[in-house]
Amino acid sequence: MNDHLILCPLVDEEIEDIDCIENRDIVDEMLSEKGMPLKFKQKKDWREICKNCKWHNYY
């Protein structure tokens, strides 16, 4: 069992915590959006979904 999995509302599945951190940094404009895999940007309001996620400011 991996203790570093986060349920991500962008893909409705568990992802590695490092992917969550990278997505958050992209949404917070600390990293370029170009580095974000397309699967995380499929939902219309993906930025807002990420910002409102309970894990957004966790790490």
Side-chain angles (χ1 to χ4, degrees):
M1 182 174 172
N2 187 335
D3 293 333
H4 303 284
L5 294 177
I6 303 296
L7 181 59
C8 178
L10 297 179
V11 291
D12 298 316
E13 63 186 46
E14 290 183 330
I15 63 170
E16 295 285 335
D17 57 354
I18 190 64
D19 292 330
C20 175
I21 293 165
E22 288 176 358
N23 290 345
R24 179 207 55 209
D25 288 350
I26 289 167
V27 167
D28 290 347
E29 299 180 354
M30 296 169 62
L31 294 174
S32 171
E33 182 182 327
K34 292 178 185 177
M36 188 174 199
L38 290 176
K39 74 177 189 175
F40 293 111
K41 298 189 278 185
Q42 296 302 304
K43 293 184 177 181
K44 180 182 175 190
D45 298 326
W46 62 269
R47 288 183 185 277
E48 287 302 312
I49 292 169
C50 183
K51 284 181 185 179
N52 291 314
C53 176
K54 71 177 184 175
W55 301 109
H56 188 79
N57 292 309
Y58 186 75
Y59 291 102

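This one's a predicted model, so the numbers in the text were calculated from it and none came from an experiment.
- Partners of Asp45 under the salt bridge (charged side-chain N to carboxylate O under 4.0 Å, His left out) rule, at least two apart in sequence or in another chain, do not exist in this structure.
- The closest side-chain heavy-atom distance from Leu5 to Glu16 is below 4.5 Å.
- Annotation: side chain to side chain donor-acceptor pair (under 3.5 Å) contacts of Lys39 (sequence neighbours excluded): none.
- The structure places CD of Glu22 at 10.0 Å from CG of Asp17, a figure rounded to the nearest 0.5 Å.
- Lys41 places none of its side-chain heavy atoms less than 4.5 Å from the side chain of Ile26.
- For the atom pair CD1 (Ile18) and CD1 (Ile6), the distance works out to 11.0 Å, reported to the nearest 0.5 Å.
- For Glu29, the CD atom is loosely surrounded, since the number of other residues' heavy atoms within 6.0 Å does not exceed 12.
- By the 4.5 Å heavy-atom criterion applied to side chains, Ile15 and Leu10 are not counted as neighbours.
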For residues 46-54, which side-chain donor-acceptor pairs fall under 3.5 Å, sequence neighbours excluded?
unit_1	atom_1	unit_2	atom_2	d
Arg47	NH2	Glu33	OE1	2.4
Asn52	ND2	Glu48	O	2.9

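- Residue Cys8 holds its SG atom at 9.0 Å from CG of Asp19, rounded to the nearest 0.5 Å.
- In plain terms, the two heavy atoms of Pro9 and Asp12 that are nearest each other are O-OD1, 3.4 Å.
- For Asp28, the side chain to side chain donor-acceptor pair (under 3.5 Å) test picks out His56, with sequence neighbours left out.
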